[in-house]
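Encoded as structure tokens, the structure appears first; notes follow it.
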Amino acid sequence: GAGVSQSPRYKVAKRGQDVALRCDPISGHVSLFWYQQALGQGPEFLTYFQNEAQLDKSGLPSDRFFAERPEGSVSTLKIQRTQQEDSAVYLCASSQRYYGYTFGSGTRLTVV
Amino acid sequence: TQLLEQSPQFLSIQEGENLTVYCNSSSVFSSLQWYRQEPGEGPVLLVTVVTGGEVKKLKRLTFQFGDARKDSSLHITAAQTGDTGLYLCAGADRDDKIIFGKGTRLHILP
């Protein structure tokens, strides 16, 4: 597609529920990134893939967060046993290396 | 840990005025990028600067990368209400991973 597509756009989860957020990057982009953005803040790095390899997951806040990109294109960010502090916008971006990122519109997760 | 400090955090000025936003770090970056983000949307890339001392212009916006590749500035000439938004600087390391500053929320008054 022409841009990075994220789904769902909005997700309301009950505390303790598992959620899965999907990212469809620009075709051919090798690098894929996940960021978490709290209200009024800049995006915080979560994890990074080059093709199917997860090269850096240092930003994942806990072992409840898991990301995968099994075929080197679509990626899924999974959050298990959601908690209120997980409420944020989750942004996905893809990159053709050194030319800047293209971001999706994000998934706004609200945990109630 | 690499950190990017942006200043000011908030800026409210009259239409027609000039302004400068700063992005500073103690770390050296391979490149530095500026993004603009509207409510409910992801950040949109404005410019990437790669070479120390580089200056890029985008209409009324002028971006500069510091000689040591640790800092950058964004200057807007004759601000317009359409410039209102969140401006984010982001530094990239050699692995193309970027870290963001906290952003500057700019509000241009008519």
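Remember, it's a predicted structure, so these values are computed and weren't measured experimentally. Chain letters run A, B, ... following the sequence lines, proteins first, then strands; residues in each count from 1. Basis for what follows: all heavy atoms, side chains included, without hydrogens, waters or symmetry-related copies.
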Assess the residue pair B/F65 and B/V47 against the criterion (side-chain contact (heavy atoms from CB on, under 4.5 Å)); give the C-alpha distance rounded to whole Å, side-chain angles, the decisive distance to 0.1 Å, and a yes or no. CA-CA 11 Å; B/F65 200 12; B/V47 76; over 6 Å; no
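- In terms of heavy-atom pairs under 4.5 angstrom with chain B, the leader among A/E44, A/Q37, A/R108 is A/Q37.
- Put simply, of A/G106, A/G42, A/P43, the one with the most heavy-atom pairs under 4.5 Å next to chain B is A/P43.
- Proximity to chain B is absent for every atom of A/T47, based on heavy atoms less than 4.5 angstrom apart.
- Side chains of A/Q50 and A/S31: no donor on one and acceptor on the other come within 3.5 Å.
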Between B/Y35 and B/Q37, does the side-chain hydrogen bond (donor to acceptor under 3.5 Å, both in side chains) criterion hold? Intermediate values first, please. CA-CA 7 Å; B/Y35 293 80; B/Q37 187 175 23; over 6 Å; no
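- Annotation: the span from B/I99 atom CD1 to B/S25 atom OG amounts to 6.0 Å, rounded to 0.5 Å.
- At a heavy-atom separation below 4.5 angstrom, chain B is approached by A/L91 within residues 62-92 of chain A.
- Between B/R60 and B/E17, no side-chain nitrogen of the basic residue sits less than 4.0 Å from a carboxylate oxygen of the acidic one, so the salt-bridge criterion is not met.
- One distance of note links CD1 of B/I13 with CG of B/L106; it measures 6.0 Å at 0.5 Å rounding.
- Looking only at atom types and distance, the side chain of B/H75 has a donor-acceptor partner in the side chain of B/T20 under 3.5 Å away.
- With values rounded to the nearest 0.5 angstrom, B/I108 atom CD1 is found 6.5 Å from B/L11 atom CG.
- Taking OG from A/S58 and CZ from A/F45, the interatomic distance works out to 5.0 Å, rounded to the nearest 0.5 Å.
- Taken to the nearest 0.5 Å, the SG atom of B/C23 stands 7.5 Å off from the CZ atom of B/F29.
- Residues of residues 80-87 of chain B lying within less than 4.5 angstrom of chain A, judged on heavy atoms, are B/L86 in numerical order.
- Rounding to the nearest 0.5 angstrom, the gap separating the CG atom in A/L46 from the CZ atom in A/F33 is 12.5 Å.
- Proximity to chain B (any heavy atom under 4.5 Å) is shown, for A/Q6, by neither the backbone nor the side chain.
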